[in-house]
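Hydrogens, waters and symmetry mates play no part in the numbers below; they use all other heavy atoms, side chains included. Reminder, nothing fancy here: chain letters follow the sequence lines and each chain counts from 1. Quick caveat, the model's predicted, so the values are computed rather than measured.
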There are 4 protein chains.
Amino acid sequence: MKTDKWLKLHRTVRFGDTDAAGVMHFHQLLRWSHEAWEESLQSYGLDAAAVFPGTRNGQSMDIALPIVHCSAEFMAPLHVGDDLSITLDPTRLDPGSFEVRSRFTCQERAIATGCLRHVAIHTLTRRRTSLPEAIDRWLEASNVGKLREL
Amino acid sequence: MKTDKWLKLHRTVRFGDTDAAGVMHFHQLLRWSHEAWEESLQSYGLDAAAVFPGTRNGQSMDIALPIVHCSAEFMAPLHVGDDLSITLDPTRLDPGSFEVRSRFTCQERAIATGCLRHVAIHTLTRRRTSLPEAIDRWLEASNVGKLREL
Amino acid sequence: MKTDKWLKLHRTVRFGDTDAAGVMHFHQLLRWSHEAWEESLQSYGLDAAAVFPGTRNGQSMDIALPIVHCSAEFMAPLHVGDDLSITLDPTRLDPGSFEVRSRFTCQERAIATGCLRHVAIHTLTRRRTSLPEAIDRWLEASNVGKLREL
Amino acid sequence: MKTDKWLKLHRTVRFGDTDAAGVMHFHQLLRWSHEAWEESLQSYGLDAAAVFPGTRNGQSMDIALPIVHCSAEFMAPLHVGDDLSITLDPTRLDPGSFEVRSRFTCQERAIATGCLRHVAIHTLTRRRTSLPEAIDRWLEASNVGKLREL
């Protein structure tokens, strides 16, 4: 079975993503991982205002989702103009945290992987809390997809 | 008549594009202007290897297109999740230079404008030269579009 | 006479600032212009909390200073490892706005200039207002320096 | 005993480093880790031309040092204006690779850690090779410092 469509994204490497070695500068990958996650939420149907502070008509948020860990592995260089497929694999770690693994391929070839781990905290106290309901729904739906693939 | 499709692009404001004032951080706009130009060339059908150094199968380039001027005007703030329309208006300035004006709107409202001015130079000597043929074709086609609109 | 010390800054071009053409990617310059302005305020003795939202012990700000215009001219390429001198030239435009021109040189050679124009607005209404007192003081002191130079 | 001076660096969080949550946007940290490494080489006395492609008077490089792994842990939020101390801890992993761990503190408080792992490759073949002599010297000197600390 196929990955749910909101977990499969695309991106083209742009000139400003490269460095003087002629290839993608490493830290762009984690920016792409985060943007792919944002695009996934949007594509699944979540309103940015349910997840991010600072949206146009957004209320002030009670819960924030800071990143406590990120990592990436690089298997092959990327060049300007390369078309990437990005596959997201989200996992709830406990009621108050989750991680999103991302797999980048270019013409079927493994290029890089990324991982972002978020925890939910109360905005004011910065104490840990449960994930927002919107994120829980997205995690649930993404997991159903994984089960279908078995 | 309509703007040629390769001159009309879209983009969503992402969380990492904002700053602690809660809105888009100004210099992202010029990054978007450049990426919109790259996407326009791609959408028109130009191979990145005809324009940019460092492409996957690219030859070393004889001609580079450094930016000699950039500017932007900001009319209204942008928030995470905002969907932008970007309209490009390219102009050949002389046989060796061109500029690309960009107009950003959100829900029909004018948000910002950008301008990037490029000159063609020989990579080795850094002396000015004529525009690459691929860029000339894209400028020509974009101008035909403008004439049709009169 | 010499430029006041808080208007003269330094910076080294880093690898991530370059692109596949082997030189500084243009939009970094406007980031540097903004960071040089922040460093100038700090070096003059202003607390970031008097100017920027989101400081560690900061109150919520009544006044924001969004950028309404930015521009840059590029005269020569920059390479990784280049040491830059940055000279700032701030001007009050009217009681509610100011601009900061920046001049970048490398080994006495003119490399680029930048310009950032800010207006003061009430955070809640986004209506224009007078500049914060801290910015006014910095503009005043910087201008005294200019007069001394005559 | 003290950490060698070229392994102890400083940085101030700038406005453009923050996002709409009001704190440092996560992926800036890996940019800072890389820039701190570059500054360390410079402070130790290495010419950028011995390590990076694209320097002003640089030869084309035979050896490149791409990053194959990066990671970061975030313990506390950072705000605009925060002054950071960055301590680097480099380790040779084998004759052709090394990693640089970085520890970020603000007013003695642990804020974050980063890790960048590089391998040496021949620029043309992209086959693995030994570290450039300049990097070897910097690793050696940094390790002597560590031994002195025992």
Winner by heavy-atom pair count (cut-off under 4.5 Å) against chain D, out of Pro77(A), Ala21(A), Gly22(A): Pro77(A)
Pairwise distance CG(Leu29(A)) to CD1(Ile67(D)) - rounded to 0.5 angstrom: 11.5 Å
Closest contact, heavy atoms only, Ala134(D) versus Leu46(D): O-CD1, 3.4 Å
Check: Leu78(A) and Val23(A) side chains under 4.5 Å, non-hydrogen atoms: no
Candidate polar pairs, chain A side and chain D side, donor-acceptor under 3.5 Å:
unit_1   : atom_1 : unit_2   : atom_2 : d
Val68(A) : O      : Phe74(D) : N      : 2.9
His69(A) : ND1    : Glu73(D) : OE1    : 3.3
His69(A) : ND1    : Glu73(D) : OE2    : 2.7
Cys70(A) : N      : Ala72(D) : O      : 3.0
Cys70(A) : O      : Ala72(D) : N      : 2.8
Ala72(A) : N      : Cys70(D) : O      : 2.8
Ala72(A) : O      : Cys70(D) : N      : 3.0
Glu73(A) : OE1    : His69(D) : ND1    : 3.3
Glu73(A) : OE2    : His69(D) : ND1    : 2.7
Phe74(A) : N      : Val68(D) : O      : 2.9

Residue part contacting chain A, namely of Ala64(D), when any heavy atom lies under 4.5 Å: neither
Min side-chain heavy-atom separation Pro66(A)-Ile121(A) under 4.5 Å: yes
Among Gly54(D), Pro53(D), Gly114(D), residue most engaged with chain A (heavy-atom pairs, under 4.5 Å): Pro53(D)
Structural part of Leu116(A) lying under 4.5 Å from a heavy atom of chain D: side chain
Contact summary for Leu65(A) and Pro132(A), nearest pair of heavy atoms: CD2-CD, 3.8 Å
Phe104(D) side, atom CZ; Ile86(D) side, atom CD1 - distance, nearest 0.5 Å: 4.5 Å
Interatomic spacing from CD1 in Ile63(D) to CG in Leu131(D) - rounded to 0.5 Å: 8.0 Å
